[in-house]
J.: 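The structure under discussion is supplied below as structure tokens; questions concerning it will follow.
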Amino acid sequence: MEELESLGVDEMGYQSVHLLVRLRQQVGGARYEKLKELTCEIQVRTVVQDAWAIISHHLVYKNEKSVPARLRRDLNNTSSLLEIAQSVFDAVRTKRDKYIEEIQARQCEDGEFLDQPVDYDTLNAYSLWKFPELSVSAHWQDKLLQDLNLEKSPTLRHIDHAVRRAADAVEAFRGEDPDVFGHS
């Protein structure tokens, strides 16, 4: 397996990891015989890197040296902006991961946990906390968040209160149609 070199600190342009792979000779069976001599390229890249690949492909510049000098600066600037965007996306992902860890840490403290504002991540954590035997449905979480009036139910405590008030009715309905309650 070979990995192509990445760009240097003073270079701009297409950045992704390309892996060249082939089956090992030990792989046996008639269905693999014709595949053993083939090499496959696997491209590993982010969505932003994919955008750059699409942009540069549409401009039909497979090799950066073939780009006319007067366009090279604009393309390098675009590449730089996409690289900055990737860094921002990575930072947002890191912040969200930290936020989710903070939400989960508050589960140990019942009062603190329920006083959190309702958003996708706190509602997800609440669902897992309240109904650990059920999986969480992203579809129904989104639907609930769309339907909720967050001015009237701003915290998980409000959600928990509504869930506790509806428990008897939910149990009665679950008895009539148990398949409806596959998710928290």
J.: Specify the closest pair of heavy atoms between Ser153 and Val118, including all atoms of both residues, with the distance to one decimal.
T.: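 It is O-CG2, 3.7 Å.
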J.: Does a side-chain heavy-atom distance below 4.5 Å link Leu156 with Asp115?
T.: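 In short, these two side chains do not touch, never coming nearer than 4.5 Å.
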J.: Please check if Tyr126 and Ile100 belong to a single hydrophobic cluster, counting links between Ile, Leu, Val, Met, Phe, Trp and Tyr side chain heavy atoms closer than 4.5 Å.
T.: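 The answer is no; the residues belong to distinct hydrophobic clusters.
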J.: Can you confirm whether the side chains of Arg45 and Gln43 place a donor and an acceptor under 3.5 Å from each other?
T.: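 Yes.
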J.: Determine the minimum heavy-atom distance between Gln86 and Thr46, stating which atoms define it.
T.: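 Heavy atoms only, the tightest pair is OE1-OG1, 2.6 Å.
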J.: When rounded to the nearest 0.5 angstrom, what is the spacing between NZ in Lys95 and CD in Glu102?
T.: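 It comes to 12.0 Å.
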J.: Identify the two heavy atoms, one from Gln141 and one from Ser127, that lie closest to each other, and give their separation to 0.1 Å.
T.: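 Where Gln141 meets Ser127 most closely, the heavy atoms are OE1-OG, 3.4 Å.
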J.: Is there a side-chain contact (heavy atoms from CB on, under 4.5 Å) between Arg93 and Arg96? Walk through the geometry before answering.
T.: CA-CA 5 Å; Arg93 171 52 102 184; Arg96 181 173 185 227; 3.6 Å; yes
J.: Evaluate Leu38 against Arg22 for side-chain contact (heavy atoms from CB on, under 4.5 Å), listing each step before the verdict.
T.: CA-CA 6 Å; Leu38 297 177; Arg22 64 175 20 175; over 6 Å; no
J.: Please determine whether the number of non-hydrogen atoms from other residues, nucleotides or ligands lying under 6.0 Å from atom CG of Asn149 exceeds 12.
T.: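 It does: Asn149 CG has more than 12 such atoms within range.
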J.: Start with the C-alpha distance between Phe89 and Val47, add both sets of side-chain angles, then the distance that settles side-chain contact (heavy atoms from CB on, under 4.5 Å), and finish with yes or no.
T.: CA-CA 10 Å; Phe89 293 147; Val47 172; over 6 Å; no
J.: Taking all heavy atoms of Arg106 and all of Phe113, pick out the closest pair and write down the distance.
T.: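 The answer is O-CB, 3.0 Å.
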J.: Of all residues at least two apart in sequence or in a different chain, which pass the ring pair (Phe, Tyr, Trp, His ring centres under 6.0 Å) check with Phe131?
T.: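 Scan of Phe131 (ring pair (Phe, Tyr, Trp, His ring centres under 6.0 Å), adjacent residues dropped) gives none.
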J.: Can you tell me if NZ on Lys143 sees more than 12 non-hydrogen neighbours from other groups inside 6.0 Å?
T.: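 Atom NZ in Lys143 is not crowded, with 12 or fewer foreign heavy atoms closer than 6.0 Å.
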J.: Any link between Ile159 and Tyr120 through a network of hydrophobic side chains (Ile, Leu, Val, Met, Phe, Trp, Tyr) touching at under 4.5 Å?
T.: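 Cluster IDs for Ile159 and Tyr120 match.
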J.: Say you draw a straight line from NZ of Lys34 to CG of Leu23; how long is it, rounded to the nearest 0.5 Å?
T.: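 One finds 14.5 Å between NZ of Lys34 and CG of Leu23.
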J.: Please give me the minimum heavy-atom distance between Ile103 and Asp121, naming the atom from each residue.
T.: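 It is CD1-CB, 3.7 Å.
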J.: Below 4.5 Å, heavy atoms only, C-beta onward: do Arg164 and His161 meet side chain to side chain?
T.: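 Of all side-chain heavy-atom pairs linking His161 with Arg164, at least one is under 4.5 Å.
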J.: How far apart are the C-alpha atoms of Thr155 and Asp160, what are their side-chain angles, what is the distance that settles it, and do they pass the side-chain contact (heavy atoms from CB on, under 4.5 Å) test?
T.: CA-CA 9 Å; Thr155 68; Asp160 191 57; over 6 Å; no
J.: Nearest 0.5 angstrom please: Ser137 OG to Asn124 CG, how far?
T.: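 Atom-to-atom, Ser137:OG and Asn124:CG are 10.5 Å apart.
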J.: Report whether Leu128 and Val163 are members of the same hydrophobic cluster (ILVMFWY, side-chain heavy atoms less than 4.5 Å apart, transitive linking).
T.: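 Looking at the clustering, Val163 is in a separate group from Leu128.
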J.: State whether the number of non-hydrogen atoms from other residues, nucleotides or ligands found under 6.0 Å of Glu133 atom CD is greater than 12.
T.: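 Counting neighbours around CD of Glu133, more than 12 heavy atoms of other residues, nucleotides or ligands fall under 6.0 Å, so yes.
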J.: With no hydrogens and no angle check, just 3.5 Å: does a side-chain donor-acceptor pair link Thr122 and Gln116?
T.: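 No.
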J.: Consider only side-chain N and O atoms of Gln146 and Asp142, and report whether a donor and an acceptor are under 3.5 Å apart.
T.: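 There is no such pair between these side chains.
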J.: Quick one: does any side-chain atom of Lys36 pair with a main-chain N or O of Val27 as donor and acceptor, under 3.5 Å?
T.: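 Looks like yes, one N/O pair under 3.5 Å.
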J.: Is Trp129 reachable from Leu145 through a run of I, L, V, M, F, W or Y residues, each pair having side-chain heavy atoms under 4.5 Å apart?
T.: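 Shared cluster, yes.
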J.: Cluster question for you: counting only ILVMFWY and a side-chain heavy-atom cut-off of under 4.5 Å, with indirect links fine, are Trp140 and Leu150 together?
T.: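 Result: no, two separate clusters.
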